[in-house]
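The sequence lines fix the lettering, A, B, ..., with proteins before strands; numbering per chain opens at 1.
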Amino acid sequence: MAGDFFERVYAYLQKVPRGKVVTYGQIARALGAPRMARQVGYALHVNPKPGVIPCHRWVNRCGGRAPAVAFGGTDAQKQLLLAEGVEVRADNTVDMEKYQWRGE
DNA sequence: CTCTTGACGCACA
DNA sequence: GTGTGCGCCAAGA
């Protein structure tokens, strides 16, 4: 069931350690669906468990995201990442080379 | 049941 | 190196 895929995404997100970020493509690929990057984003869009699903750790390949479509605003996102020790640039982008979680 | 849109990613020009 | 287009799967209308 496709919905199960969503659960899989949430599980992966919860598996991400604090202070690290992951990209849609990376998650999708990790789940065995490199073409489902969009659905991964959709999974966050529905976000059935706010507070449990740290969406702020979810970034696109650019290390950022939509300019003003976040759960609480890009600025809030930025603050959360900074609170976790993730260096966020003025463009709301993260240093992928340093903070992108490569899994295990 | 069909068409459009979508928090993306990659290939090609 | 930059810009544009297309593809993938799913959910909403």
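To the nearest angstrom, P of C/dG7 lies 21 Å from CZ of A/Arg29. What separates CG of A/Leu44 from P of C/dA11 is a distance of 15 Å, to the nearest Å. Rounded to whole Å, atom C1' of C/dA10 lies 14 Å from atom CG of A/Asp4. Rounded to whole Å, atom P of C/dA11 lies 16 Å from atom CG of A/Asn47. With rounding to whole Å, A/Arg35 atom CZ is found 9 Å from B/dC10 atom P. Rounded to whole Å, atom P of B/dC8 lies 17 Å from atom CG of A/Leu31. Atom pair A/Arg61:CZ and B/dA11:P shows a separation of 12 Å (rounding to whole Å applied). One atom, NZ of A/Lys78, and another, P of B/dA7, lie 23 Å apart when rounded to the nearest Å.
Here the side chain of A/Tyr42 is nearest to one of C/dA11, B/dC10, B/dA7, namely C/dA11. Checking C/dA10, B/dA7, B/dG9 against every side-chain atom of A/Thr23, the shortest atom distance belongs to B/dG9. Listed nucleotides B/dA7, B/dG9, C/dA10 differ in distance to A/Cys55; the shortest reach to its side chain belongs to B/dA7. Side-chain proximity of A/Met36 to B/dC8, B/dA7, C/dA10: nearest is C/dA10.
Around CD of A/Gln79, the count of heavy atoms belonging to other residues, nucleotides or ligands within 6.0 Å exceeds 12.
Contact detail for A/Ala43 and A/Val9: the closest heavy-atom pair is CB-CG1, 4.1 Å. The two residues A/Lys20 and A/Val16 come nearest to each other via the heavy atoms O-CG1, 3.6 Å.
Between the P atoms of B/dT4 and C/dC6, the separation comes to 15 Å (whole Å).
The base of C/dC8 lies close enough to the side chain of A/Arg38 for a donor and an acceptor atom to sit less than 3.5 Å apart.
When heavy atoms are screened at a 4.0 angstrom cut-off, A/Tyr24 is found touching base atoms of the nucleic acid.
Using bins of under 30°, 30° to 60° and over 60° for the plane-to-plane angle, the ring pair A/Tyr10/A/Phe6 lands in the perpendicular bin.
Aromatic ring centres of A/Tyr12 and A/Trp101: separated by under 6.0 Å.
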